[in-house]
Amino acid sequence: MNLFRRQDGQESIVILDFGSQFTQLIARRIRELGVYSEIVPYDASWSDVEPLKPRGLILSGGPASVYDAGAPALPDYVVDSGLPVLGICYGMHLLGLTLGGKVQATHVREYGPQVVRRQSSDRDDALLRGLPSSFDVWMSHGDIVVEPPPGFTVLGRSDTGQIAVMASERFLAVQFHPEVKHTPLGVRILENFVRHICGCSATWVPTSLIPTAIERIRETVGDGHAVCALSGGVDSAVAATLVHRAIGDRLTSVFVDNGLLRKREAEDVIDVFRDRLQMNVVHVDASARFLSRLAGVEDPEEKRRRIGHEFIAVFEEEAARLGQVDFLVQGTLYPDVIESATPAASKTAARIKTHHNVGGLPSNLRFTLVEPLRYLFKDEVRQIGLELGLPESVVFRHPFPGPGLAVRVIGEVTREKLDRLREADAIVREEIERAGLSRSIWQVLAVLTPLKSVGVMGDGRTYQNMVAVRAVTSDDAMTADWARIPHDVLARISSRIVNEVAGVNRVVYDITSKPPATIEWE
Ligand code: XMP
């Protein structure tokens, strides 16, 4: 079911993924410019790419050096298709080498800010149109092109004299990453490429495809029944709402309360989906089951594993109770699809936490999958959600991990600790909301640590736990920075937590970025 995907006549840009952690950002930026874009693995064939009718190709960065044994090569069609091509970082090195330039291997990859100076000889080039004579970029220091291929002009150099931008009529290349926020004018470069060089106009409006999507879901499900695991998060909420529009009461949503949720979360989900949207929702209180599975477990990965298994068990039992169900609705998004399609050879990072395995369901269930959001990024899903009339509290809800508060109670999880953390978490969210900071912050959380310290309350000495508060800004959770929350907001959070949450006498604010830390503490 290719819903919310390129329609006939829609222009597109295809991005070849050489394994950069930023590849998804390139696609998001292009879509934000109103142009449909899809990512394909670097070894995709022309028969995979051609149906997308691209107006241009972008070669992403990647972790390899072009001189590594087995380094991903440039597919022939990149040159043969006659399409405009933008190479970024590794993509630039590949173009440089393949088209007859000289690339110097350094075999080390570091990132950092630099300044690029345009070369005065070529002020009107289409790629840098509208950019000042020098601009800040986020440079990737890997291999470098030391001699451009024949027919290329050097359009920009870094302060250290390296070639930062080069172009021929049809091939364009940048050593830095225009897709990241640290290259403030990078979007202009991408815009120049898609609009002025590839000739695309801004015609991608995902919300306009809602009626078609509903119609296709209706055709696919026919007279059948569907089930959906509602988590409270935006992805499953939008997927369920869309399918509900198509098939009404033949969709049953199952909301599993694992006891690891935030304060009032279960009530809110029931209120929105059952009471306001009139959807058929089964509310399963499985908190006792989850808690007993977590007894005595301290290791974060073991917690995730057990929660994941228990979730599947509960969901399967509930689904079995529903009788004949043929379809399973899932809120899979495009980033999950890309992740699993990327060739193993170009996967950059080892999985640091087993995120996506938790809260997800195994693929061998007896259902046919309905994944209406498979081709959409989160921002696009939010637009669809708003258009479908979902409340902002659902659409702009911060991400929340599948294993919930279990990974925010450091060490063994007990009901008592969860209750305390839930109170602290509610205070943090309330104060952030009240200060109007919620939208600018990616995620805000409280962690209940086992660390005890001495305090004084009234005339007495206390020896109680420490709560850590973390708020981060981010684009995609791959990297994050700690949010510069005003001190008076932090002060209110701190004093409310020590006053209102039993057993807590100290609050600290986490000022670590990701990397090197992760967003969650476990
Ligand atoms: P980290 O802690 O790795 O988190 O920086 C990145 C993003 O993923 C969320 N997260 C999870 N989500 N299951 C999930 O569904 C998990 O086990 C899990 N662990 C972390 C985290 O909240 C952040 O948004």
Side-chain angles (χ1 to χ4, degrees), residues 21-22 24-25 229-237 239 255-262 265 269 290 293-294 297-312 315 330-333 335-340 347-362 373 377-379 381-382 396-410 413 418 421-422 425 428-429 432 438-449 468-483 510-522:
Q21 57 168 325
F22 301 129
Q24 289 183 30
L25 276 183
L230 209 55
S231 70
V234 58
D235 312 346
S236 62
F255 174 65
V256 177
D257 183 346
N258 56 14
L260 308 168
L261 304 173
R262 295 176 145 180
E265 189 140 33
V269 167
F290 278 86
R293 296 284 292 137
L294 287 170
V297 181
E298 294 191 354
D299 177 63
E301 285 302 283
E302 184 59 17
K303 288 182 191 172
R304 283 189 169 80
R305 206 183 61 77
R306 292 190 182 209
I307 295 166
H309 280 177
E310 202 55 27
F311 176 79
I312 292 164
F315 185 81
Q330 285 204 303
T332 314
L333 301 196
D336 307 322
V337 176
I338 303 165
E339 175 91 0
S340 47
K347 279 194 176 153
T348 43
R351 218 186 241 325
I352 295 164
K353 296 178 188 175
T354 50
H355 295 179
H356 300 286
N357 306 332
V358 177
L361 292 164
L373 314 175
F377 286 106
K378 190 81 128 198
D379 316 343
V381 169
R382 290 205 167 105
F396 293 103
R397 180 180 181 267
H398 285 174
F400 185 64
L405 298 181
V407 291
R408 296 180 183 169
V409 169
I410 308 297
V413 178
L418 285 169
L421 178 58
R422 230 186 303 274
D425 174 76
V428 174
R429 284 191 300 146
I432 292 292
S438 210
R439 285 276 186 99
S440 57
I441 284 174
W442 170 268
Q443 221 171 334
V444 56
L445 53 111
V447 179
L448 182 64
T449 80
V469 175
R470 181 143 173 77
V472 295
T473 52
S474 178
D475 232 6
D476 54 6
M478 298 279 290
T479 60
D481 198 4
W482 57 279
D510 183 346
I511 53 166
T512 332
S513 63
K514 171 183 180 176
T518 52
I519 294 176
E520 303 289 344
W521 275 35
E522 281 203 333

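All ligand and atom numbering here is 1-based and tracks the order in the structure. This chain uses plain numbering: 1 for the first residue, then up along the sequence. Because the structure is a prediction, the values reported are computed rather than measured.
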Original post:
Which one holds for Arg304 and ligand 1: side chain close, backbone close, both close, or neither close, with close meaning a heavy atom under 4.0 Å?
Top reply: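 The answer is the side chain of Arg304.
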Is any NZ, NE, NH1 or NH2 atom of the basic residue among Arg305 and Glu310 found under 4.0 Å from an Asp or Glu carboxylate oxygen of the other?
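Salt bridge: no.
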Check: of Ala477, Gly402, Pro300, min heavy-atom distance to atom 7 (C) of ligand 1 comes from Ala477
**Asked** Short N/O distance, under 3.5 Å, between Glu520 and ligand 1?
**Response** yes
Would Arg408 count as a polar contact of ligand 1, with the cut-off being nitrogen or oxygen pairs under 3.5 Å?
no
Next item on the list: Verify, without hydrogens or angle tests, whether His398 (side chain) and Ile441 (backbone) share a donor-acceptor contact under 3.5 angstrom.
Entry: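 Answer holds: yes.
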For a 4.5 angstrom cut-off between non-hydrogen side-chain atoms, does Val444 reach Arg470? no
Output for pair (Asp425 CG, Leu418 CG), nearest 0.5 Å, gives 11.0 Å
Full working for side chain to side chain donor-acceptor pair (under 3.5 Å) between Trp521 and Asp510
CA-CA 10 Å; Trp521 275 35; Asp510 183 346; 2.9 Å; yes
Ligand 1 atoms nearer than 4.0 angstrom to some heavy atom of Lys514 are 1 (P), 3 (O), 5 (O), 6 (C)
If we number the atoms of ligand 1 from 1 as shown, the ones under 4.0 Å from a heavy atom of Pro403 are 13 (N), 16 (C), 17 (O)
